[in-house]
Amino acid sequence: MKKHNQNLLHDRRSFIKGISFALGASALGMPLISFSTGAAGSSETGSDSEFETVRPSQKKLGVALVGLGSYSTHQLAPALQDTEKCHLAGIVTGTPSKAEAWKRKYNIPDKNIYNYDTMQQIKGNPDIDIIYIVLPNGMHAEYTIKAAETGKHVICEKPMATSVEDCKRMIDACNRNNVKLSIGYRLHFEPHHQRVMELGQQKVYGAVNKIEAADSFVLRGDPTVWRLDKELAGGGPLMDLGIYCVQGAIYTLGNEPSAVTAKFGEITRPDYFDEVEQSIDWQMHFQDGAVAYCSSSYNDSASRLYGKAKNGWWELQPSFGYSGIKGRTSEGPMNLPNVNQQARQMDAFAECILENKESRVPGEMGMRDVNILMAIYEAARTGKKVQIS
Ligand code: NAD
């Protein structure tokens, strides 16, 4: 059942002190990220020197999915049938009937089936190389840390966590255990979004001055679902969907915002939205003068990422789904393929492990985004422009 937890939205500022980020653009138009923290014991994540290549590149890495809900069932497990460098090797579930059904469907041996209490035993299992956390947002930190302590590499779904403090604990746990951490940011591996990164970051149409992004759906059904529970979700549509707008604006520009302004929308369905926002509009202000106008709602339908530059524009619509993405520019249609985003995302992480490279979507990027989400909430609560520290 839903219950309030006042401690969840921590005071961002106490955790942001000493943190600095720098973004740039690689030749492929991907946002690169470097990160440093004043906290004792942490290190630059740009270096992979402490990691060891775990196995020969000809062997597929084993992935264990933790949490067999909708995303694992309908996207990740099917995608793992399409991957080249990794495969579905194990599961962690609290529901015995799901364990039985998955075991039969995917031919998973009993020794690779765990529940939340036995998950630590993955430590000694050579079949599993990657643990993928696909639980409600408020559980990401606890289970990412548990996963890191097994010595396996970790993918954690978005949003990385419900506070910056938790993100930091997750990164520290992965560093301490010499494992890599990646966030489930599938759109970094999607051709239309990669084209947007290129158009914006390489200033193909000149400098970008305006971005518009919207990601919304109408949430119906059970009003006690975790997405409406502040403790488990961390917030409403901003945490779940708005994060794609934040990501889209940042990878369009290859830069992070310096300040945000925001306003919560009206609550027209108080039976659903008594803990988390129903909708939110916000603006992200960038150092070079560009502004991103964003919105996200659980009571609307939208999926759009638009960029306007000095000499042209581009638009993805629909933009943020698993398939059917359509793109055009001021010159015409983009004519790019839709791909299996999740398969590409997981293969890219497997490659990072096999070749000892840094993830394109590391924990530091997840933490950067949670920091911005918290600033947006603060701006909406206070009505003030909030600087991103
Ligand atoms: P879901 O509700 O369908 O599944 C959640 C799973 O967590 C279920 O198997 C449930 O049994 C399990 N669980 C364990 N403890 C729980 C508890 N205390 N309360 C509720 N569930 C509990 O959710 P989902 O849509 O699969 O989302 C899971 C995660 O994946 C979320 O973090 C979400 O943001 C993320 N997600 C990402 C994408 C993407 O495109 N990257 C898409 C969908 C979901």
Side-chain angles (χ1 to χ4, degrees), residues 1-3 5 64-80 91-99 101-102 113-117 119 131-144 146-147 154-163 166-167 170 182-190 193 215-217 219-248 275-276 296 298 303 318-325 338-346 348-349 361 365-366 369-370 373:
M1 293 296 286
K2 293 193 282 176
K3 53 184 183 313
N5 182 342
L65 295 176
V66 182
L68 307 182
S70 173
Y71 195 54
S72 285
T73 303
H74 301 297
Q75 264 70 45
L76 296 177
L80 280 162
I91 48 175
V92 178
T93 174
T95 314
S97 58
K98 282 189 192 170
W102 279 61
I113 299 177
Y114 299 86
N115 61 42
Y116 298 113
D117 297 327
M119 181 182 152
I131 299 182
Y132 196 152
I133 309 301
V134 204
L135 292 165
N137 309 340
M139 299 171 74
H140 289 180
E142 180 184 349
Y143 284 90
T144 292
K146 276 189 182 161
V154 188
I155 309 177
C156 176
E157 257 315 318
K158 46 56 61 177
M160 180 172 170
T162 53
S163 73
D166 276 352
C167 295
M170 294 156 80
S182 197
I183 307 300
Y185 285 143
R186 57 187 163 79
L187 292 173
H188 283 254
F189 307 91
E190 200 287 322
H193 286 264
D215 195 10
S216 301
F217 70 78
L219 193 142
R220 301 183 208 278
D222 179 6
T224 66
V225 70
W226 69 263
R227 280 188 165 80
L228 298 172
D229 177 326
K230 192 158 183 180
E231 185 169 354
L232 284 171
L238 178 66
M239 297 294 283
D240 194 21
L241 309 172
I243 191 166
Y244 288 104
C245 304
V246 169
Q247 275 263 310
E275 291 196 16
V276 303
S296 191
Y298 272 155
S303 178
S319 174
F320 300 117
Y322 307 137
S323 61
I325 294 174
N338 274 272
V339 298
N340 188 327
Q341 301 166 13
Q342 290 85 359
R344 284 197 174 191
Q345 171 213 319
M346 291 186 279
F349 188 52
V361 287
M365 182 184 279
D369 295 345
V370 170
L373 297 176

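Because the structure is predicted, anything quoted here is derived from the model rather than measured. Start at 1 and go down the list; that is how both ligands and their atoms are numbered.
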Close side-chain approach of Val339 to Phe189, heavy-atom, < 4.5 Å: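 Heavy-atom side-chain distance check fails, nothing below 4.5 Å.
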
Close side-chain approach of Leu76 to Val134, heavy-atom, < 4.5 Å: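 They are in contact (side-chain heavy atoms under 4.5 Å apart), so the answer is yes.
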
Whether Phe320 and His193 hold their rings parallel, tilted or perpendicular, with breakpoints at 30° and 60°: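 Rings of Phe320 and His193: tilted, 30 to 60°.
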
Side-chain donor or acceptor of Ser163 paired with backbone N/O of Asp166 under 3.5 Å: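 It does hold such a pair.
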
Residues lining ligand 1 [heavy-atom distance under 4.0 Å, listed by chain and residue number]: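 Correct list: Gly67, Leu68, Gly69, Ser70, Tyr71, Lys98, Tyr116, Val134, Leu135, Pro136, Asn137, Met139, His140, Glu157, Lys158, Gly184, Arg186, Trp226, Arg227, Leu232, Asp240, Tyr244, Tyr322.
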
Set of ring pair (Phe, Tyr, Trp, His ring centres under 6.0 Å) partners for Trp226, sequence neighbours left out: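 Ring pair (Phe, Tyr, Trp, His ring centres under 6.0 Å) list for Trp226, sorted by chain: empty.
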
Straight-line distance of Arg186 CZ to Gln341 CD, nearest 0.5 Å: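 Taking CZ in Arg186 and CD in Gln341, the distance rounds to 5.0 Å.
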
